[in-house]
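Numbered from 1 within each chain, the chains take letters A, B, ... in sequence-line order.
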Amino acid sequence: MKKSIFGRLLPVVVLVGGASMASTAWAQAGAEMLANTCAGCHGPDGSSNGPATPTIASLSTDYFVMSMKDYKSGKRPSTVMARIAKGYSDDDIAAMAKYFQTKPFQRPGQKVDADKAKAGKALAKKYCESCHEDEGRVGEGVGVLAGQMLPYLQYSMVDFLSLKRETEKRQKAKFDALVKDLGEEAFQPILHYYAGVK
Amino acid sequence: MFEIDRRKFLVGAGAATATSTLVAAPHVARAAGGKVVIVGGGPAGATAARYIRRADPSIEVTLIEANKDYYTCFMSNEVLAGERTLDSLKFGYAGLAKAGVKVVHDLVVGIDGAAKVVTTQGGQKFPYDRCIVAPGIDMAWGALPGYTAEAAEKIPHAWKAGPQTALLRKQLEAMPDGGVFVMVAPPNPYRCPPGPYERASLVAHYFKHHKPKSKIIILDTKDAFSKQKLFEQAWAKFYGFGTANSMIEWVPAAKGGKPSAIDVAGMAVQTELDTIKGAVINVIPAQKAGKIAFDAGLTEGNWAPVNKATFESKKIPGIHVLGDGSDAATMPKSGYAANSQGKVTAAAVVAMLKGQPAPTPAYVNTCYSIAGADHAFSVAGVYTFDAEKNAIAEVQGSGGLSPLDASEADRKREVQYAQSWFRNITADIWG
Ligand SMILES: Cc1cc2nc3c(=O)[nH]c(=O)nc-3n(C[C@H](O)[C@H](O)[C@H](O)COP(=O)(O)OP(=O)(O)OC[C@H]3O[C@@H](n4cnc5c(N)ncnc54)[C@H](O)[C@@H]3O)c2cc1C
């Protein structure tokens with residue numbers, strides 16, 4: 001997976017004055033070139049200005065690669081990412097994952113319901129924090145919840161609960177417990193809380 | 001591909017050939033990392049400026065833009081529908097200045113590719129090592145008899161945002177209920193292929209809520225259009241399309257929709273068989289590269305031919321042409337494409353100034369269309385460079401349209417994602 005990131009940065013061809021092309025052997029595009037194509041939707045260096053499209057900066061490489069592969073295969077539902085992800089090879093995806101992991105997740109703050117967020121904090125601690133550590137900032141294998149766009153988090157919950165997006169066994173156990181204890185509405189304060197983390 | 005103006009512009013196409021094999025001349029003006037002069041501060045030019053500075057702050061970048069503020073065409077159809085203010089489309093150049101770009105507001109009137117100097121109307125001269133020309137489009141006045149720049153003050157095109165958008169909105173607001181809004185849709189290729197049909201949708205959305213007895217007639221020079229099935233599905237859902245009571249009527253060329261002349265005084269569009277009067281008329285005419293591309297000798301036919309890996313002109317070395325004005329066909333003329341090409345060009349220019357080979361490019365296009373309340377869909381494309389054909393080639397199996405059978409929930413999500421796209425791409429372009 002790591003083999004050729006460096007080799008990909010330069011094409012094999014030398015351009016004379018840039019106007020003529022000597023040969024057709026171009027290497028794969030480099031990580032930054034590939035990653036830059038995402039910024040129009042996800043924001044400069046992957047940090048979104050919202051309101052809905054998620055920030056992809058700082059995602060762990062594992063989670064990033066899994067997400068792209070799941071979009072590609074159709075395992076994970078999406079409005080547009082399946083069509084985008086199919087344009088990239090495994091090597092391309094690995095290179096972009098590394099690139100975005102080094103970029104900071106900008107948290108300029110978004111509008112959330114303060115009361116809900118307050119109520120959500122305790123619930124998150126009880127039902128979610130074991131996997132979404134440090135107030136959801138740590139995204140090892142699970143995605144970053146802290147400061148993520150609220151509508152996106154809500155869409156994700158809808159997809160989990162309708163079983164369109166696969167839910168890991170222990171994660172599902174926690175979701176079921178929350179629903180049993182407090183009902184499905186209890187997800188809302190939790191999501192407001194995570195969305196509001198700075 | 002060039003339907004209307006081909007003959008006119010093929011004359012003179014041979015004038016500036018043969019220069020393209022020249023190796024770059026010694027540099028004229030030495031800044032530490034070289035001087036780049038950019039003509040045009042739309043999505044293509046402004047993106048290139050930011051990304052060059054980002055990659056190498058030792059390069060001196062001067063961006064020359066005619067206007068103090070830029071109004072995006074994207075989302076301007078929402079302004080026509082009364083869902084957005086014109087002001088929300090306005091972007092200044094302070095963000096570029098903050099990134100270290102020297103911004104000059106003036107009109108470029110000449111580019112001397114041999115002396116490597118750009119000249120403005122204000123009499124300023126800007127020497128360059130590499131020049132980037134991103135002038136967008138101009139209307140092909142004269143292609144449709146009767147439709148002139150002067151006529152556009154009464155019958156707007158609103159295909160460049162700003163005063164034209166405000167004028168069309170004012171006319172739609174003033175139109176009495178029961179009026180007919182006639183739109184002339186342009187021949188290919190033109191800026192924003194789904195744009196005319198998104199416009200018809202959003203004007204219908206406005207009529208439905210404010211002037212429900214009104215009608216929209218689209219007179220088309222084509223027999224098919226971008227995202228057609230998705231639009232027709234939305235029109236059926238929201239505006240009665242396909243019934244006798246449809247608010248929107250689309251007349252393709254094959255059914256006599258092709259306009260032959262515009263009668264400005266009579267407020268009517270003439271087709272081969274008919275004269276169609278409108279209370280409000282919107283003519284979106286045929287288009288070609290911005291004027292400076294012609295004046296500088298960069299065009300062939302209506303557009304500027306380029307090397308698709310570097311966007312360097314095939315006619316004059318040292319000058320790159322990108323965005324709507326170039327012949328980057330396969331990629332539509334869109335803001336997303338212009339932004340993507342800006343980054344490819346920036347990387348090429350940075351490398352070439354160092355005497356290095358340009359890096360392998362990667363490109364993406366996407367375009368959202370909002371067609372009704374909580375109803376949007378998109379087209380996406382991922383592209384690589386095909387050196388053999390000097391073409392931008394879509395990656396097989398990728399991209400394409402939102403599915404026809406997408407759920408209502410997904411159509412609603414795409415509205416939210418379209419709004420996000422607007423905020424993110426404008427931040428990426430102007431900072
Ligand atoms: C109604 C409508 C809806 C659209 N919706 C979308 C959408 O949803 N998504 C999308 O991706 N695209 C959309 N587009 C297309 C998009 O607006 C264009 O593709 C994009 O603006 C092209 O960018 P550009 O930089 O090439 O040209 P332009 O945006 O035209 O910028 C060119 C700039 O150069 C300046 N200039 C020109 N000549 C000179 C000169 N001689 N000297 C100095 N300055 C000069 C101009 O003033 C202008 O600011 C839409 C277009 C329309 C009309």
Side-chain angles (χ1 to χ4, degrees), chain A residues 8-30 32-55 72 77-89 92 149 151-152 154-155 158-159 162, chain B residues 20-24 51 55 307 309-310 312-314 317-318 335-336 339-340 343-344 347-348 352 356-364 366 378 380-388 390 394-395 397-402 406 409-410 413-414 416-417 419-421 423-428 431:
Chain A
R8 241 182 267 126
L9 291 172
L10 295 173
V12 184
V13 194
V14 176
L15 299 178
V16 181
S20 64
M21 220 137 329
S23 128
T24 56
W26 285 65
Q28 266 185 286
E32 186 168 359
M33 177 69 79
L34 291 165
N36 282 347
T37 63
C38 321
C41 282
H42 285 287
D45 278 331
S47 266
S48 176
N49 295 287
T53 305
T55 285
K72 215 171 163 172
S78 69
T79 56
V80 72
M81 276 309 295
R83 288 176 276 153
I84 301 275
K86 284 177 188 154
Y88 299 93
S89 67
D92 291 340
M149 294 303 151
Y152 171 75
Q154 291 167 330
Y155 300 154
V158 168
D159 291 345
S162 65
Chain B
S20 55
T21 48
L22 288 180
V23 176
Y51 274 77
N307 172 323
T310 60
E312 185 170 32
S313 166
K314 285 187 156 180
Y336 206 110
N339 170 257
S340 183
K343 295 171 199 177
V344 171
M352 288 158 99
Q356 292 169 358
T360 300
Y363 336 64
V364 161
T366 62
S378 55
V382 181
Y383 307 83
T384 54
F385 176 60
D386 178 341
E388 219 159 292
N390 180 34
E394 208 162 347
V395 178
S398 73
L401 300 167
S402 304
D410 274 4
R413 284 186 190 185
E414 290 222 87
Q416 290 304 307
Y417 289 137
Q419 301 295 350
S420 307
W421 165 80
R423 289 172 58 167
N424 283 325
I425 200 161
T426 53
D428 196 44

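Contact count versus chain A (heavy atoms, under 4.5 Å) is highest, among B:Ala409, B:Ala380, B:Ser402, B:Gly431, for B:Ser402. Contact tally against chain A (heavy-atom pairs below 4.5 Å) for B:Thr384, B:Leu401, B:Asp386: the top residue is B:Leu401. In terms of non-hydrogen atom pairs under 4.5 Å with chain B, the most contact-rich of A:Thr79, A:Val80, A:Ile84 is A:Thr79. Heavy-atom pairs under 4.5 Å with chain A peak, among B:Ala427, B:Ser378, B:Gly397, at B:Ser378. When A:His42, A:Met33, A:Lys86, A:Met149 are compared by the number of non-hydrogen pairs under 4.5 Å with chain B, A:Met33 comes out ahead.
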| query | What's the verdict on side-chain hydrogen bond (donor to acceptor under 3.5 Å, both in side chains) for B:Arg423 and A:Ser48, showing C-alpha distance, side-chain angles and the deciding distance? | reply | CA-CA 8 Å; B:Arg423 289 172 58 167; A:Ser48 176; over 6 Å; no

| message | A:Tyr88 vs B:Val382, test: side chain to side chain contact (heavy atoms under 4.5 Å, CB included). Steps then yes/no. | response | CA-CA 8 Å; A:Tyr88 299 93; B:Val382 181; 3.6 Å; yes

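A distance of 6.0 Å separates OG1 of A:Thr37 from OH of B:Tyr336, quoted to the nearest 0.5 Å. Rounding to the nearest 0.5 Å gives a distance of 13.5 Å between CG of A:Asn49 and CD of B:Gln419.
Looking at B:Ala406, neither its backbone nor its side chain comes within 4.5 Å of chain A, counting heavy atoms on both sides. Interface remark: B:Tyr383 contributes no atoms to any contact with chain A (heavy atom separation under 4.5 Å).
Contact between B:Ser420 and A:Ala52 at its shortest, heavy atoms only, is OG-N, 2.9 Å. Across B:Gln416 and A:Tyr155, no two heavy atoms sit closer than the pair CG-OH, 3.1 Å. Counting all heavy atoms, side chain and backbone alike, B:Gly400 lies closest to A:Arg83 at O-NH1, 2.9 Å. Taking both residues in full, the closest heavy atoms of B:Asn339 and A:Gly40 are given as OD1-CA, 4.3 Å, listed atom of the first, atom of the second, then distance.
A:Tyr152 and B:Tyr417 have their aromatic ring centers separated by at least 6.0 angstrom.
Put simply, the residue from B:Val364, B:Asn424, B:Thr366 that forms a side-chain contact (heavy atoms from CB on, under 4.5 Å) with A:Cys41 is B:Thr366.
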